[in-house]
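I have placed the structure first, in the form of structure tokens, so that the comments after it can refer back to it.
Numbered from 1 within each chain, the chains take letters A, B, ... in sequence-line order. Note that this is a predicted model, so its numbers are computed, not measured.
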Amino acid sequence: MSATVQRLPTAALPEPSAPAAVVSFPSTAKPPRSLGKTAARIAANVVPPLVVIALILIVWQILCSSPGATLPAPTQVWTDAGELILNPFFDYGQGDIGLGLRVLTSLQRVAIGFGIAAVVGVAIGAVIGQSIWAMRGLDPIFQILRTVPPLAWLPLSLAAFMDSAPSAIFVIFITSVWPVIINTAVGVRNIPQDYRNVAQILQLNPAEFFARIMIPAAAPYIFTGLKIGVGLSWLAIVAAEMLTGGVGIGFFIWDAWNSSRLSDIIVALVYIGVVGFMLDRLVTAIGAFVTRGTAAN
Amino acid sequence: MTYLRIENVDKHFDRGGQRSEVLKDVSIDIAQGEVLSIIGHSGCGKSTLLNLIAGLTEVSSGGIQLEGREVNGPGPERAVVFQNHSLLPWLTVYENVNLAVSKVFGKTKSRTERHDWIMHNLDLVQMSHASDKRPTEISGGMKQRVGIARALAMQPKILLLDEPFGALDALTRAHLQDAVMDIQKRLGSTMIMITHDVDEAVLLSDRIVMMTNGPAARIGEILDVPLERPRSRIELAGDRTYLRCREAVLKFLYERHRFVEAA
Ligand SMILES: Nc1ncnc2c1ncn2[C@@H]1O[C@H](COP(=O)(O)OP(=O)(O)OP(=O)(O)O)[C@@H](O)[C@H]1O
Ligand SMILES: [Mg+2]
């Protein structure tokens with residue numbers, strides 16, 4: 001495990017933090033659909049991506065079919081890693097398991113890291129948002145720390161915790177906590193004076209104010225933060241699992257790279273992308289459900 | 001005996017080194033159970049004065065005393081019907097009232113008593129049919145009515161109303177005026193109401209406070225309304241005292257308005 005850590009600087013993996021902000025934008029909520037034209041609408045939404053995917057596969061196939069190609073073509077991927085694609089949940093023992101199972105392990109790790117980030121981020125954000133001076137003082141620092149890529153936290157984390165499991169969780173946590181803090185703080189700052197007045201007239205105590213006013217009023221902001229955060233935490237999974245080794249999807253990629261199984265990496269990338277997309281949609285859906293009514297105001 | 005004393009109150013807001021004087025040397029003594037209207041042109045500082053009494057903003061100088069004690073913060077014994085209703089959009093109509101009721105009566109009333117009390121107050125403003133709706137799903141006038149129900153349900157010593165009937169049609173307005181006055185009489189609560197409606201002011205109040213135009217608005221004139229209660233709006237329509245009061249208020253506003261144009 002530590003051996004893999006040694007190889008860090010030579011890693012040819014894509015730098016994971018840059019696309020973070022970009023990823024979260026295109027997924028704005030779609031307008032609600034009437035049931036009548038559902039079939040046509042679904043077709044209209046499903047057919048174009050399928051066509052594009054087909055085109056990409058064809059171009060990819062053409063580009064990578066030449067004898068000197070450095071990357072495997074789709075057909076090559078299919079022959080090399082067909083089993084990985086077709087059967088996500090096989091378990092041959094000795095850590096030789098399907099990518100679905102690996103994803104579940106990674107998700108567990110992300111759930112812990114991101115769960116802590118969500119709770120801590122909302123709590124810190126709520127406190128900071130209440131004070132204009134804390135906001136002014138801390139915001140620039142958060143804005144800087146927010147841009148530090150997950151890989152960069154890795155050595156520090158390992159040095160601090162001296163153990164791979166908590167370090168991995170910490171990397172996920174520290175990557176995803178900033179947008180939660182920042183957005184919560186902004187949300188709390190933006191609570192309308194009207195709501196504060198109501199709370200004051202009723203003499204709500206701080207706990208009641210937090211639960212009854214602050215959280216619901218800032219919920220749209222909080223969920224924006226959580227959505228960006230969950231995306232970042234999933235981006236950190238490869239970095240985190242370089243440490244832990246074992247069965248996660250992130251470590252699978254690292255391992256496949258070390259043993260030059262490029263086809264496996266491509267399949268794993270698709271898995272990670274799809275799961276990341278679903279995580280994003282999940283948080284968006286929860287957010288839409290929780291903030292119904294509030295956001296419309 | 002003076003119940004609520006407002007004494008030489010000044011209020012100014014400072015922003016970016018700039019000071020805007022809003023209220024200047026406002027003094028008035030209010031008796032318990034009295035109904036007071038505040039009337040004045042838009043932006044003169046009526047809401048600001050109400051907020052000071054509610055304790056939501058602090059006086060710049062001078063003092064406000066309730067039963068001899070300095071007002072230095074808001075509390076449920078001074079309920080406010082806000083000008084913009086200020087309902088919490090994530091709570092239903094019922095839950096909005098419930099938040100106030102469970103805070104004020106959480107220890108003294110049982111759960112079913114509280115429920116009945118909430119429904120009773122929603123009935124008063126004819127909003128019980130929409131108790132499960134959210135504020136975004138009801139009209140402006142309906143929101144205002146819920147705001148009134150929320151304030152009434154707190155059984156405050158002092159009821160502060162900021163243009164409570166502004167967004168209502170004449171019929172609903174008359175009904176609600178009656179309902180509020182009924183409760184005021186029963187509870188003997190003190191009521192301070194901001195209004196733009198001269199008839200409403202004369203019909204409901206014991207005294208009408210007329211404010212001069214801002215900046216640095218003062219109390220221009222205080223008018224006694226010596227009409228017997230209960231007052232019937234139909235009988236009063238031709239009443240001499242009523243018409244005289246009405247004229248006095250109109251004159252004040254009209255002259256002040258001219259004053260603004262001259263300035
Ligand atoms: N928080 C604040 N900061 C700065 N200025 C304020 C603030 N609140 C009110 N003012 C100013 O005080 C003045 C009086 O405002 P206020 O809301 O009390 O008027 P109003 O008499 O209630 O008007 P309306 O009848 O339109 O409701 C306005 O000029 C307003 O700009
Ligand atoms: Mg006002």
Revision key, fill the gap. The reported gap from CG in A:Asp194 to CG in B:Leu87 (rounded to nearest 0.5 angstrom) is 10.0 Å
Point to revise | Rounded distance [0.5 Å steps], NZ in B:Lys103 versus CZ in A:Arg212 | key: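 Taking NZ in B:Lys103 and CZ in A:Arg212, the distance rounds to 10.0 Å.
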Practice item. Tell me, for B:Asn84 versus chain A, whether the close heavy atoms (under 4.5 Å) come from the side chain, the backbone, both or neither. Key: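 The side chain, not the backbone.
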Exercise for review: Please look at B:Arg150 and chain A and tell me whether the side chain, the backbone, both or neither of the residue comes under 4.5 angstrom of a heavy atom of that chain.
Suggested key: side chain
**Study point:** chain B contact via A:Gln193 - side chain, backbone, both or neither, heavy atoms under 4.5 Å
**Key:** neither
Exercise for review: Evaluate the criterion side-chain contact (heavy atoms from CB on, under 4.5 Å) for residue pair B:Val80 and A:Asn197; output intermediate values, then yes/no.
Suggested key: CA-CA 9 Å; B:Val80 183; A:Asn197 285 347; over 6 Å; no
Review point. Under 6.0 Å from the CD atom of A:Gln143, do we count more than 12 heavy atoms belonging to anything else shown?
Key: yes
Heavy-atom pair count under 4.5 Å with chain A, highest-scoring of [options]:
{"options": "B:Pro74, B:Ala54, B:Ala79", "result": "B:Pro74"}
{"options": "B:Gly75, B:Gly55, B:Pro156", "result": "B:Gly75"}
{"options": "B:Pro76, B:Pro135, B:Gly73", "result": "B:Pro76"}

In the structure I gave you, are the side-chain heavy atoms of [X] and [Y] within less than 4.5 Å of one another anywhere?
{"X": "B:Met154", "Y": "A:Leu202", "answer": "yes"}
{"X": "A:Thr291", "Y": "B:Trp90", "answer": "no"}
{"X": "A:Ile213", "Y": "B:Leu88", "answer": "yes"}

